[in-house]
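Below is one structure, written out as structure tokens; comments come after it.
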Amino acid sequence: MLFNSVSFAIFLPIVFFLYWFIAKRGVRLQNIVLLISSYFFYACWDWRFLFLLIASTSLDYYTGIKIADASLKENKKFWLWLSITINLGFLGIFKYYDFFASSFIDALSTVGLKADLGSINLILPVGISFYTFHGLSYVIDLYKDKIKPERDIINYSVFVSFFPLLVAGPIERATHLLPQIIKKREFDYSQAIDGLKQILWGLFKKIVIADHCATYVNLIFKDASDYSGSTLVLGALFFSFQIYCDFSGYSDIALGTARLFGIELLRNFAFPYFSRDIAEFWRRWHISLSSWFRDYLYIPLGGSHGGKWIRVRNMFVIFLVSGFWHGANWTFIAWGALHALYFMPLLLMNKNRNHIAIVAKGKYFPTLKELFSMLFTFGLTVFAWIFFRAEDLAHAIRYIAGIFSFDLFRQPYFLGIKEAAITILFIVLMVIIEWMGREQDYAIKAITSRWQKPFQWCFFYLIVMLIFLFGSKSQEFIYFQF
């Protein structure tokens with residue numbers, strides 16, 4: 001069930017009615033409604049994988065209690081590693097087995113040896129990377145005595161499977177979400193209206209921009225050798241805005257939907273394309289994943305402590321693992337390695353935390369230095385996105401070679417470029433609106449709050465009209481494949 005589908009437009013009001021009007025008497029009824037709705041939502045993708053979700057939830061619920069109740073450190077460690085091993089085992093089998101098998105066979109063939117490990121070609125369960133990380137953070141935090149165990153299976157199951165975040169995040173922490181789940185929620189009109197605004201902006205980015213960018217991206221990347229270098233640059237730019245509007249659009253819808261139920265989820269995007277260096281970009285892009293790797297991998301490895309090369313090693317581990325988390329393909333590893341190379345000079349010169357504050361805060365325009373820094377950082381990310389989008393490394397290299405050709409400065413052309421001009425116009429409009437609202441949680445929050453009511457309603461109606469006019473067949477969100 002897609003957020004941008006008619007079925008979700010029917011599903012959401014029904015759950016909202018049951019939650020606030022039928023189950024309003026107590027938190028347990030509210031959570032039962034959320035749990036049943038979440039399982040139904042997930043089963044709409046493939047009901048068979050619902051059992052895998054329930055198994056993963058049960059595993060971490062049980063091992064979490066065992067960790068909390070164990071008196072000896074060794075016993076706590078046993079239950080922790082049992083949970084980690086089984087969780088990563090599920091993830092490895094479904095997501096990475098075929099990749100490792102084929103890579104091992106290719107490696108043997110280079111030295112003249114043959115092997116036949118076979119492939120299992122399993123369908124990747126939607127959201128497995130996200131709900132696995134939910135459970136892992138819970139048991140690790142229990143082991144470190146950061147939280148108390150949740151002994152109510154209903155409450156814990158809602159934490160793992162709450163439907164707005166179930167299939168593509170944000171990756172929540174028990175320390176943040178569980179306290180909200182175990183207490184009764186009261187309806188807050190202003191919070192709900194805020195949620196609806198954020199949903200609307202997310203739908204605009206997904207339907208009006210990302211889905212239309214996808215058409216041109218697929219066309220250009222599919223037959224890259226047929227296009228000029230300038231057209232390939234345009235294709236990379238289209239993909240940069242496609243993946244941003246697709247994933248941040250999903251996150252806006254998820255956070256807005258959660259607000260309808262009185263729940264605040266972790267922020268996942270903070271206008272990353274306005275970053276002045278790569279370090280700032282990663283503090284603003286997929287924040288819940290970046291912070292997860294920081295807390296559960298980077299810091300345990302030693303973080304920024306130790307010698308210069310220890311810090312570089314830890315940084316490379318984080319980026320390579322982050323790339324591999326996105327998928328079983330060498331392109332994702334190359335994408336992660338490239339970002340590590342971008343990051344390394346900042347780390348070595350201790351400049352990776354130079355830009356913490358919002359760019360040009362309180363001002364209409366950035367300085368020339370800030371503008372150049374943002375454009376340069378954006379250019380680096382666009383280049384890296386080529387690896388992310390390519391089918392394989394050879395495809396990425398051919399694409400990049402095509403960019404640096406003699407026709408780089410020719411006027412770009414592809415079938416449908418006139419229609420693409422409208423999408424470019426919407427991208428520019430989106431960038432302007434997000435720049436104006438960059439100091440808020442989501443872009444249109446600041447803008448609409450300053451306007452008179454009639455202007456606010458005109459703006460909302462315009463967004464709704466554009467969604468209906470330019471909306472086509474529902475397309476899956478990119479991050480569903482991860």
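Atoms considered below: every heavy atom in the structure, side chains included; atoms not considered: hydrogens, waters and symmetry mates. In this chain, numbering begins with 1 at the start of the sequence shown.
For the atom pair S291 OG and I171 CD1, the distance stands at 8.0 Å (nearest 0.5 Å). Atom-to-atom distance recorded for F159:CZ and S38:OG is 13.0 Å, nearest 0.5 angstrom. We find the SG-NZ distance between C458 and K453 to be 13.0 Å, quoted to the nearest 0.5 Å. Separating the NZ atom in K222 from the NE2 atom in H395 is a distance of 11.5 Å, to the nearest 0.5 Å. Atoms OH and CD1, on Y156 and I182 in that order, are 14.5 Å from each other to the nearest 0.5 Å. To the nearest 0.5 angstrom, F204 atom CZ is 13.5 Å from F460 atom CZ.
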Output a table of donor-acceptor pairs, distance under 3.5 Å, between side-chain atoms of residues 268-278 and any protein atom two or more places apart or on a different chain; print 'none' if there are none.
residue	atom	partner	partner atom	Å
N268	OD1	I287	N	3.4
N268	OD1	S288	N	3.1
N268	OD1	S288	OG	2.7
N268	ND2	S251	OG	3.3
Y273	OH	S240	O	2.7
Y273	OH	W385	NE1	3.1
S275	OG	P272	O	2.6
S275	OG	F281	N	3.3
R276	NE	E280	OE1	3.1
R276	NH2	E280	OE2	2.9
R276	NH2	A357	O	2.4
D277	OD1	A279	N	3.1
D277	OD1	E280	N	2.7

Anything under 3.5 Å between a donor and an acceptor, one on a side chain of residues 439-447, the other on a protein residue two or more places apart or in another chain? List them.
residue	atom	partner	partner atom	Å
E439	OE2	G362	N	2.7
Y442	OH	D194	O	3.1
Y442	OH	D194	OD1	2.4

Identify all side-chain donor-acceptor contacts of residues 405-414 below 3.5 Å with residues at least two apart in sequence or on another chain.
residue	atom	partner	partner atom	Å
S405	OG	G402	O	2.7
S405	OG	D407	OD1	2.4
D407	OD1	G229	N	3.1

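Side-chain N or O atoms of S373 include one that pairs as donor or acceptor with a backbone N or O of K369 at under 3.5 Å. The backbone N or O of W201 sits nowhere less than 3.5 Å from a side-chain atom of D252 that would complete a donor-acceptor pair. For R438 (side chain) and V359 (main-chain N/O), a donor-acceptor pair under 3.5 Å exists by modelled atom type. Under the 3.5 Å distance criterion, the side-chain polar atoms of Q30 are matched with a main-chain donor or acceptor of R185. Side chain of H339 to backbone of G323: no donor-acceptor contact under 3.5 angstrom is found. Of the possible donor and acceptor atoms, none in the side chain of R259 sits under 3.5 Å from a partner among the backbone N and O of G256. In this structure, the side chain of S83 does not engage the main chain of L80 through any donor-acceptor pair within 3.5 Å.
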Derivation of the side-chain contact (heavy atoms from CB on, under 4.5 Å) call for F239 and V382: CA-CA 8 Å; F239 180 68; V382 171; over 6 Å; no

I would like to know whether I432 and V428 meet side-chain contact (heavy atoms from CB on, under 4.5 Å); could you show each step before the answer? CA-CA 6 Å; I432 292 172; V428 172; 3.9 Å; yes

Working note: L34 + I263, criterion side-chain contact (heavy atoms from CB on, under 4.5 Å); need CA distance, chi angles, decisive distance, verdict. CA-CA 12 Å; L34 288 183; I263 293 174; 4.3 Å; yes

Using the salt bridge (Lys or Arg N to Asp or Glu O under 4.0 Å) rule, take E370 and K363 through it: C-alpha gap first, then chi angles, then the decisive distance, then the call. CA-CA 12 Å; E370 289 171 333; K363 301 177 183 178; 5.8 Å; no

Determine, stepwise, if the pair V6 / I10 fulfils side-chain contact (heavy atoms from CB on, under 4.5 Å). CA-CA 6 Å; V6 174; I10 297 172; 4.1 Å; yes

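Heavy atoms from other residues, nucleotides or ligands lying under 6.0 Å from CG of L368 number 12 at most. Annotation: L415, atom CG; neighbour count of heavy atoms from other residues, nucleotides and ligands within 6.0 Å does not exceed 12. Remark: K183 NZ is loosely packed, at most 12 non-hydrogen atoms of other residues, nucleotides or ligands lying under 6.0 Å away.
Ring orientation note: the planes of F16 and F187 are nearly perpendicular, at an angle over 60° on the 30°/60° scale. The aromatic rings of H212 and F470 sit perpendicular, their planes meeting at an angle over 60°, well past the 30° parallel limit. Ring-plane geometry between Y461 and W457 is classed as tilted, the angle between the planes lying from 30 to 60 degrees on a 0 to 90 degree scale. The aromatic rings of F3 and F8 lie tilted to each other, with the angle between the two planes from 30° to 60°. Between W282 and F319, the angle of the ring planes goes over 60°, which puts this pair in the perpendicular group of the 30/60° scheme.
Residue pairs satisfying the side chain to side chain donor-acceptor pair (under 3.5 Å) criterion with at least one member in residues 133-144, sequence neighbours excluded, are listed as follows: D141-Y296. Within the structure, side chain to side chain donor-acceptor pair (under 3.5 Å) pairs that include any residue of residues 341-355 comprise R311-N350 (at least two apart or interchain).
The two residues F221 and G235 have their closest heavy-atom pair at CE1-O, 3.8 Å. When every heavy atom of A174 is checked against every heavy atom of P179, the shortest pair comes out as O-CD, 3.2 Å. Scanning all heavy atoms of the two residues, the minimum distance from Y227 to D223 falls at CD1-O, 3.1 Å.
Side-chain N/O atoms of K146 and T175 include no donor and acceptor closer than 3.5 Å. Residues Y399 and R389 have side chains that never bring a donor and an acceptor to within less than 3.5 angstrom of each other.
Taking the six-membered ring for Trp, F261 and F163 have ring centres closer than 6.0 Å. The aromatic ring centroids of F241 and Y244 lie 6.0 Å or more from each other. In summary, the aromatic rings of F130 and W325 are positioned with their centroids under 6.0 Å apart.
You'll find the side chain of S161 reaches within 4.5 Å of the side chain of L35, heavy atoms only. Considering only heavy atoms from C-beta on, L232 stays 4.5 Å or farther from I386 through its side chain. No side-chain heavy atom of I403 sits less than 4.5 Å from a side-chain heavy atom of F383. Residues S37 and F11 form a side-chain contact, since some pair of their non-hydrogen atoms from C-beta on lies under 4.5 Å apart. With contacts defined as side-chain heavy-atom distances shorter than 4.5 Å, the pair L462/M465 qualifies. The closest side-chain heavy-atom distance from I243 to W285 is below 4.5 Å. Here the side chains of L53 and V160 are in contact, with some heavy-atom distance below 4.5 Å. At a threshold of 4.5 Å between non-hydrogen side-chain atoms, the residues Y298 and L301 do not count as touching.
With sequence neighbours excluded, the residues satisfying side-chain contact (heavy atoms from CB on, under 4.5 Å) with S56 are D60, N87, Y131.
Results of the side chain to side chain contact (heavy atoms under 4.5 Å, CB included) test with E150 over V158, L142, I181, N155 single out N155 as the only residue that passes.
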